[in-house]
Participant: 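Please read through the structure below; I'll follow up with questions.
Each ligand, and each atom within it, is numbered from 1 in the order the structure gives.
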Amino acid sequence: MAATVLAAMPARGNVRLLRTRSRLIRHASTSQKTWDWSNHQSTGDVARDEVAQLAASPRRPLTLADLLRHGRPPLSKDALLASANFTLSLLPARLASRIQALRNLPFIVVSNPHVSKIYQNYRHSLSTLLPYQQRRITTLEEENQFGDVLADLVQTHTNTIPVLARGFLECRKYVSPADVTRFLDTHLRARIGTRLIAEQHLALHFASQPVSDEPPSRSKPCVTKDSKDAKDVVPSNYIGVIDTAIQPARIIRLCEDFVGEICELKYGVRPRLVIGGEPEASFAHVPVHVEYIITELLKNAFRATIESGNEREPIEVTIAAAPDVPGKEPPVTGDADMGFQLDSNDEAYPSEAMGASNPSSQSITIRIRDRGGGIPPEVLPHIWSYSFTTFSDMDFNAENGNLDALNTISSSGGHPSSIAGLGYGLPLSRAYAEYFGGSIAVQSLWGWGTDVYLTLKGVGKVD
Ligand code: ADP
Ligand code: MG
């Protein structure tokens with residue numbers, strides 16, 4: 001698990017940004033007035049109408065089955081081209097919809113340099129995809145170039161979360177926390193899909209690399225493009241970014257190591273973790289999503305356990321696997337405090353989650369039980385809000401606490417390497433869990449501890 005510290009945004013810049021902000025406030029009302037983007041079209045940009053048209057085109061939720069449909073790599077030429085064209089059929093509308101959403105933000109927010117940077121990134125990425133959308137990808141050469149475009153897209157959007165978080169923190173006096181959470185939740189959920197679609201094709205591309213029209217031999221090892229030695233060989237249970245045999249128990253142990261190290265550095269102790277239930281259970285899912293969620297939940301459990309002085313009490317993790325009932329709705333998450341509805345065209349909360357579309361699908365539920373004293377009743381209503389945290393550190397001053405926490409985000413998709421402080425752990429974990437029809441429910445036993453139920457839906461056996 002990557003723990004590289006990203007120090008791309010020096011906290012010292014805040015003063016200048018605050019000044020810019022007050023200058024902007026003098027010139028702009030904080031009403032719902034929106035930015036006139038028509039004045040800001042540069043060469044090579046996407047026409048406003050085209051964005052609107054694309055954003056309005058019908059989309060259906062992404063499923064794990066979509067990502068698995070082109071088969072196990074190495075792919076034949078035809079399958080690789082089909083995957084490229086499928087990717088191309090999904091991405092532009094999704095990027096356009098994000099551009100529209102950013103355009104509709106209040107003026108004071110879109111004028112923020114960080115938010116505006118993200119807007120520019122989306123416009124750039126859409127403009128690089130559109131030339132391919134005019135025609136289908138029919139040759140390996142085109143597919144190769146398309147691979148470069150996708151790699152650029154993934155790279156361009158790597159730091160979206162810390163940049164947006166910073167932008168919204170700087171605007172927090174002018175937008176209500178509920179509005180921020182609503183925007184970020186839709187945006188970050190949509191980003192999960194966009195990233196996954198691009199990364200899936202890229203992974204298949206690197207693991208296939210057919211050089212002729214002949215279907216590659218099935219016995220050929222799947223080797224990444226840049227690999228020089230055996231350690232880069234992709235494990236055979238991977239189909240692109242999906243591991244068809246994830247063992248949650250194994251991921252829990254990896255995350256325990258990572259979070260344990262953070263705890264030792266910060267508090268000088270690391271609590272014990274015991275795994276019960278069905279540790280051998282496995283299913284097909286996206287390992288980076290599972291890792292992200294488990295890390296964030298363990299950070300919360302470890303922190304509460306240590307800060308309540310109960311570090312001798314182990315964190316109990318119980319794993320339960322169950323076949324999914326086809327057509328059944330995803331379990332209710334048990335919180336009504338988000339007050340948030342997605343527009344019907346958006347891709348999160350998939351109605352067609354794996355449980356509904358694949359009879360052999362199964363759910364894995366992981367209960368993480370800590371003796372960290374529970375969550376105070378006055379804190380409970382806020383835990384799903386982006387940026388809400390009860391963490392404070394001597395290194396963080398009151399004004400810049402969350403901004404400084406942003407500087408410790410690793411480049412692996414916004415994974416903070418501090419124990420807490422950004423306030424994104426729970427809401428973003430829930431976004432990841434719900435993306436494929438799973439859920440997270442938090443049950444606090446105030447004065448004692450907290451149980452978190454994480455349910456993830458996968459596909460059953462994948463041949
Ligand atoms: P962060 O950890 O950065 O503060 P999170 O979204 O992960 O952000 O959590 C928000 C808040 O919810 C925490 O600051 C903490 O007050 C509370 N919380 C979450 N999990 C637990 C837990 N297991 N025990 C006690 N409090 C918790
Ligand atoms: Mg947390």
Participant: Counting heavy atoms only, which of Phe388, Tyr424, Trp446, Phe391 is nearest atom 10 (C) of ligand 1?
Facilitator: Phe388
Participant: Out of Asp451, Leu298, Asp370, Ile315, whose heavy atom sits nearest atom 23 (N) of ligand 1?
Facilitator: Asp370
Participant: Is there a donor-acceptor contact under 3.5 Å from the side chain of Asp66 to the main chain of Thr63?
Facilitator: yes
Participant: For the CD1 atom of Ile197 and the CG atom of Leu150, what is their distance to the nearest 0.5 Å?
Facilitator: 10.5 Å
Participant: Which one holds for Glu296 and ligand 1: side chain close, backbone close, both close, or neither close, with close meaning a heavy atom under 4.0 Å?
Facilitator: neither
Participant: So which heavy atom in the protein is nearest atom 19 (C) of ligand 1, and how far is it from that ligand atom?
Facilitator: Asn300 ND2, 3.5 Å
Participant: Tell me the protein heavy atom at minimum distance from atom 8 (O) of ligand 1, and give that distance in Å.
Facilitator: Gly423 CA, 3.2 Å
Participant: Closest non-hydrogen protein atom to atom 12 (O) of ligand 1, residue and atom name please, with distance?
Facilitator: Ile383 CG2, 3.3 Å
Participant: Any non-hydrogen side-chain atom of Phe258 less than 4.5 Å from a side-chain atom of Leu298?
Facilitator: no
Participant: Atom 6 (O) of ligand 1: which of Val442, Leu426, Ile419 has the nearest heavy atom?
Facilitator: Leu426
Participant: Which residue pairs pass the ring-ring contact (aromatic ring centres under 6.0 Å, His included) test when at least one of the two sits in residues 150-170, sequence neighbours left out?
Facilitator: Tyr122-His157, Phe168-Phe183
Participant: How far is atom 4 (O) of ligand 1 from the closest protein heavy atom, and which atom is that?
Facilitator: Thr389 OG1, 2.5 Å
Participant: Does Gly374 have a heavy atom less than 4.0 Å from any atom of ligand 1?
Facilitator: yes
Participant: Quick one: does Gly373 get a heavy atom under 4.0 Å from ligand 1?
Facilitator: no
Participant: Using the salt bridge (Lys or Arg N to Asp or Glu O under 4.0 Å) rule, take Arg303 and Asp370 through it: C-alpha gap first, then chi angles, then the decisive distance, then the call.
Facilitator: CA-CA 10 Å; Arg303 173 192 163 206; Asp370 69 58; over 6 Å; no
Participant: On a heavy-atom basis, which atom in Pro73 and which in Tyr238 lie closest, and how many Å separate them?
Facilitator: CD-O, 4.0 Å
Participant: Grab the two heavy atoms, one from Val110 and one from Ser116, that are nearest each other, plus how far apart they are.
Facilitator: O-CB, 3.5 Å
Participant: With the threshold set at 4.0 Å, does a side-chain nitrogen-carboxylate oxygen contact exist between Arg189 and Asp185?
Facilitator: yes
Participant: Closer than 4.0 angstrom: is that true for some heavy atom of Lys299 and an atom of ligand 1?
Facilitator: no
Participant: Hey, is the main chain of Leu188 close enough, under 3.5 Å, to the side chain of Arg191 for a donor-acceptor pair?
Facilitator: no
Participant: From the Mg ion (ligand 2), how many protein N/O/S atoms are found at a distance short of 2.8 Å?
Facilitator: 1
Participant: Do side-chain atoms of Gln247 reach the backbone of Pro279 as a donor and acceptor pair under 3.5 angstrom?
Facilitator: yes
Participant: Please lay out, stage by stage, how Phe436 and His285 fare under the test ring-ring contact (aromatic ring centres under 6.0 Å, His included).
Facilitator: CA-CA 9 Å; Phe436 289 120; His285 213 280; 5.8 Å; yes
Participant: Does NZ or CZ of Arg69 fall inside the cone over Phe86's six-membered ring, less than 6.0 Å from its centre and within 45° of the axis?
Facilitator: yes
Participant: May I ask you to check if ligand 1 and Val379 share an N or O to N or O distance below 3.5 Å?
Facilitator: no
Participant: Is Thr450 touching ligand 1 with its side chain, its backbone, both, or neither, if touching means heavy atoms under 4.0 Å apart?
Facilitator: side chain
Participant: Any heavy atom of Gly372 closer to ligand 1 than 4.0 angstrom?
Facilitator: no
Participant: Using the salt bridge (charged side-chain N to carboxylate O under 4.0 Å, His left out) definition, which of the options Glu311, Glu256, Glu264 pairs with Arg270?
Facilitator: Glu264
Participant: Would Ile319 and Arg367 count as a side chain to side chain contact (heavy atoms under 4.5 Å, CB included) if you check the C-alpha gap in whole Å, the side-chain angles of each, and the deciding distance to 0.1 Å?
Facilitator: CA-CA 7 Å; Ile319 299 170; Arg367 184 186 63 195; over 6 Å; no
Participant: Measure the distance from atom 16 (O) of ligand 1 to every protein heavy atom, then report the residue, atom name and distance (to 0.1 Å) of the closest one.
Facilitator: Thr390 OG1, 2.5 Å
Participant: With heavy atoms only and a cut-off of under 4.0 Å, state how Ala304 meets ligand 1: side chain, backbone, both or neither.
Facilitator: side chain
Participant: What's the shortest distance from atom 27 (C) of ligand 1 to any protein heavy atom, and which residue and atom give it?
Facilitator: Ile375 CG1, 3.7 Å
